[in-house]
Every structure is written in structure tokens, then in C-alpha cells.
Amino acid sequence: MFSKSRSSMTFALLAVGFVTSIASTATAASFPGSYSTSFGATNVQRCPALPPDQIRIIKPMPTTNPCLGRGTSLVALSKFHLLYVCENEVAVDNYDIAIGSQGTGKTVEGDRKTPIGVYSLGTPRKSDLFGFFIPIGYPTRAQAARGFTGEAVGIHGPVRDFRCVGFLNVVFDWTAGCVAVADDGYVARIAKWVKAHPKATITIL
């Protein structure tokens with residue numbers, strides 16, 4: 001959840017984002033417009049496409065192929081705050097992400113950290129809080145045997161009150177341990193992909 005101070009920060013960033021978007025149209029990620037995407041029979045509520053859903057002016061990107069050796073799967077790079085969609089070791093899409101507000105290395109329920117490791121992906125579902133939610137199989141059996149605790153870790157969209165602020169949803173890490181993308185359209189597209197690849201896993205590094 002956003003704290004009151006973080007909400008104020010987000011509103012301030014929103015004002016900056018509108019100005020930045022005017023000068024940064026050419027630098028926005030060249031992905032299809034995400035605001036008209038649907039998942040199953042559920043249509044994503046449309047938002048104005050400002051500020052942009054992604055802007056990458058000085059964002060560092062990995063210099064090696066994150067999909068190499070990972071087949072058909074999702075790969076989340078916490079250092080770069082990027083989620084890659086891999087098919088046969090080829091990156092076919094990628095998204096900016098926010099992770100747990102306390103970083104990575106989840107071991108305990110409520111630590112607000114995103115787990116590291118390789119996990120199964122559950123059936124995507126609609127979420128009243130986040131638009132869509134894709135469960136991540138944390139903890140694994142091995143982790144549970146070591147005493148790791150926690151539940152309801154997944155990939156999701158923005159909190160409803162902030163669903164139309166685009167890339168501002170991934171400017172800082174705010175989740176309780178999940179992986180969040182910038183808007184409903186993105187998570188709907190990821191959900192479609194997961195449904196089409198039921199054996200796919202997610203690697204979080």
C-alpha cells in the first residue's frame with residue numbers, strides 16, 4: 001500500500017510526468033497501446049494515455065540476454081527493475097516493475113521483500129485491488145521446509161486509485177513483496193501469456 005507521504009510523492013511525480021511526457025514521446029517504449037487490453041471476458045477500463053506508461057531516458061538495461069538458458073518463462077531482474085517475457089530463450093517483451101518496499105530476499109511473512117528464486121505461476125485472476133493478479137508459487141516446498149513464510153505473492157497491476165498514472169507506478173518500490181507493473185493493460189497482457197503457457201515459471205533475480 002501507499003503511505004500518506006508516498007501518495008504525496010506520487011502526486012508530485014504526476015505533475016512532473018505530464019511535463020516530461022511532452023518532451024519524451026520519442027523515448028517512450030515502443031510497445032502497443034496498453035489501455036485497451038482485455039483479459040478473457042474482462043475489459044480493462046480505459047485511461048488517458050498521459051503520462052506515458054513507460055519512459056526510458058536514462059534507465060540502465062542489461063547488457064546480456066536475460067532469457068539465455070531460461071527457455072519459455074518470465075524473468076524478473078530486481079537490479080534493473082525489469083520483467084522479461086522469454087520464449088525459447090528469446091526476449092519477446094519487457095516491462096518496468098516495482099518490487100517490495102524493502103527490496104529482495106523474502107523469508108518471513110510481512111517483511112515487504114520480494115522473494116528470490118524460481119517459482120511456478122498460478123492461474124491469473126481478476127483483482128479488485130490490483131486489476132489482475134498472477135500468483136507466484138512462493139514459498140516452494142524446499143523454502144517452506146527451511147521455515148520461509150508468506151503468502152499472496154504475485155504479479156499485479158497498480159492500486160486502483162493510481163491505475164492511470166502510467167510509469168509513475170514503477171518510479172519507486174512500494175509493494176508488500178509482489179512484482180507490480182505500471183498499468184492494467186500490461187498485467188492483462190502478461191496474464192494472457194501465462195494462460196497460454198501454463199507450464200511457464202518465473203525466475204526472480
Side-chain angles (χ1 to χ4, degrees), residues 29-45 53-54 56 59 61-100 104 106 113-144 148 150-158 163 167 169-170 175-205:
S30 57
F31 297 146
S34 62
Y35 294 94
S36 60
T37 306
S38 63
F39 173 61
T42 305
N43 291 321
V44 173
Q45 189 174 358
D53 37 355
Q54 288 187 327
R56 292 174 178 171
K59 184 180 180 73
M61 302 292 284
T63 56
T64 58
N65 177 11
C67 296
L68 190 63
R70 304 195 186 280
T72 297
S73 64
L74 300 179
V75 178
L77 303 180
S78 58
K79 175 182 177 180
F80 294 97
H81 287 80
L82 288 167
L83 176 68
Y84 279 82
V85 180
C86 306
E87 293 183 5
N88 298 319
E89 301 191 11
V90 175
V92 297
D93 215 343
N94 64 80
Y95 303 90
D96 295 319
I97 58 173
I99 59 173
T104 58
K106 186 174 189 65
K113 294 182 179 181
T114 297
I116 294 295
V118 181
Y119 301 96
S120 61
L121 292 165
T123 302
R125 62 176 183 263
K126 196 170 185 299
S127 168
D128 292 336
L129 186 59
F130 299 117
F132 299 98
F133 187 88
I134 306 165
I136 289 173
Y138 167 90
T140 64
R141 289 184 179 179
Q143 288 174 329
F148 285 28
E151 59 182 3
V153 176
I155 304 167
H156 60 67
R163 67 177 186 80
F167 76 97
N169 280 307
V170 291
T175 80
C178 294
V179 173
V181 292
D183 68 62
D184 289 353
Y186 282 167
V187 72
R189 280 171 32 201
I190 297 167
K192 281 184 174 180
W193 187 90
V194 170
K195 188 174 181 180
H197 300 84
K199 294 183 179 180
T201 60
I202 181 169
T203 300
I204 307 175
L205 302 171

Open item on the list: In the structure I gave you, are the side-chain heavy atoms of Lys59 and Leu82 within less than 4.5 Å of one another anywhere?
Closed with: yes
- [ ] May I have the step-by-step check of side-chain contact (heavy atoms from CB on, under 4.5 Å) for Asp93 and Arg189, ending in yes or no?
- [x] CA-CA 10 Å; Asp93 215 343; Arg189 280 171 32 201; 3.0 Å; yes
- [ ] Taking the side chain as every heavy atom from C-beta outward, state whether Pro124 and Lys192 have any pair of such atoms under 4.5 Å apart.
- [x] no
- [ ] Verify, without hydrogens or angle tests, whether His197 (side chain) and Val194 (backbone) share a donor-acceptor contact under 3.5 angstrom.
- [x] no
Task: 4.5 Å side-chain heavy-atom contact, Ile155 and Ile97 - done: no
Open item on the list: How close do Tyr84 and Cys67 get, counting heavy atoms only, and between which atoms?
Closed with: CB-SG, 4.3 Å
Open item on the list: Nearest 0.5 Å, please: how far is CD1 in Ile134 from CZ in Arg125?
Closed with: 10.5 Å
- [ ] Quick one: closest heavy-atom pair of Val118 and Thr140, and the distance?
- [x] O-CG2, 4.0 Å
- [ ] Could you tell me how the ring of Phe148 sits relative to the ring of Tyr138: parallel (under 30°), tilted (30 to 60°) or perpendicular (over 60°)?
- [x] tilted
Task: Thr72 side-chain N/O to Asn88 backbone N/O, donor-acceptor pair under 3.5 Å - done: yes
- [ ] Provide the closest heavy-atom pair for Cys178 versus Gly154 in the form atom of the first, atom of the second, distance.
- [x] CB-O, 3.0 Å
Open item on the list: Looking at every heavy atom in both Thr203 and Leu205, which two are closest together, and how far apart are they?
Closed with: CG2-CD2, 3.7 Å
Open item on the list: Given 3.5 Å as the limit, does a donor-acceptor pair link the side chain of Asn169 with the main chain of Ala182, or not?
Closed with: yes
TODO: Pick out which of Val153, Ile136, Ile204 makes a side-chain contact (heavy atoms from CB on, under 4.5 Å) with Thr114.
DONE: Ile204
Task: Heavy-atom side-chain proximity of Ile202 to Leu83 below 4.5 angstrom - done: yes
Open item on the list: Can you confirm whether Gln54 sits close enough to Tyr95 that some side-chain heavy atom of one is under 4.5 Å from a side-chain heavy atom of the other?
Closed with: yes
- [ ] Give a yes or no answer on whether the side chain of Thr175 reaches the backbone of Gly100 with a donor-acceptor pair at less than 3.5 Å.
- [x] yes
- [ ] Would you mind reporting whether Asp96 and His81 have side-chain heavy atoms less than 4.5 Å apart?
- [x] no
TODO: Might you point out which heavy atoms bring Glu89 and Leu68 nearest each other, and give the distance in Å?
DONE: OE1-CD1, 3.4 Å
Open item on the list: Can a donor-acceptor pair be found, under 3.5 Å and without considering hydrogens, that links the side chain of Thr201 to the backbone of Ser120?
Closed with: no
TODO: Compare every heavy atom of Ala200 with every heavy atom of Ser73, then report the nearest pair and how far apart it is.
DONE: CA-CB, 4.3 Å
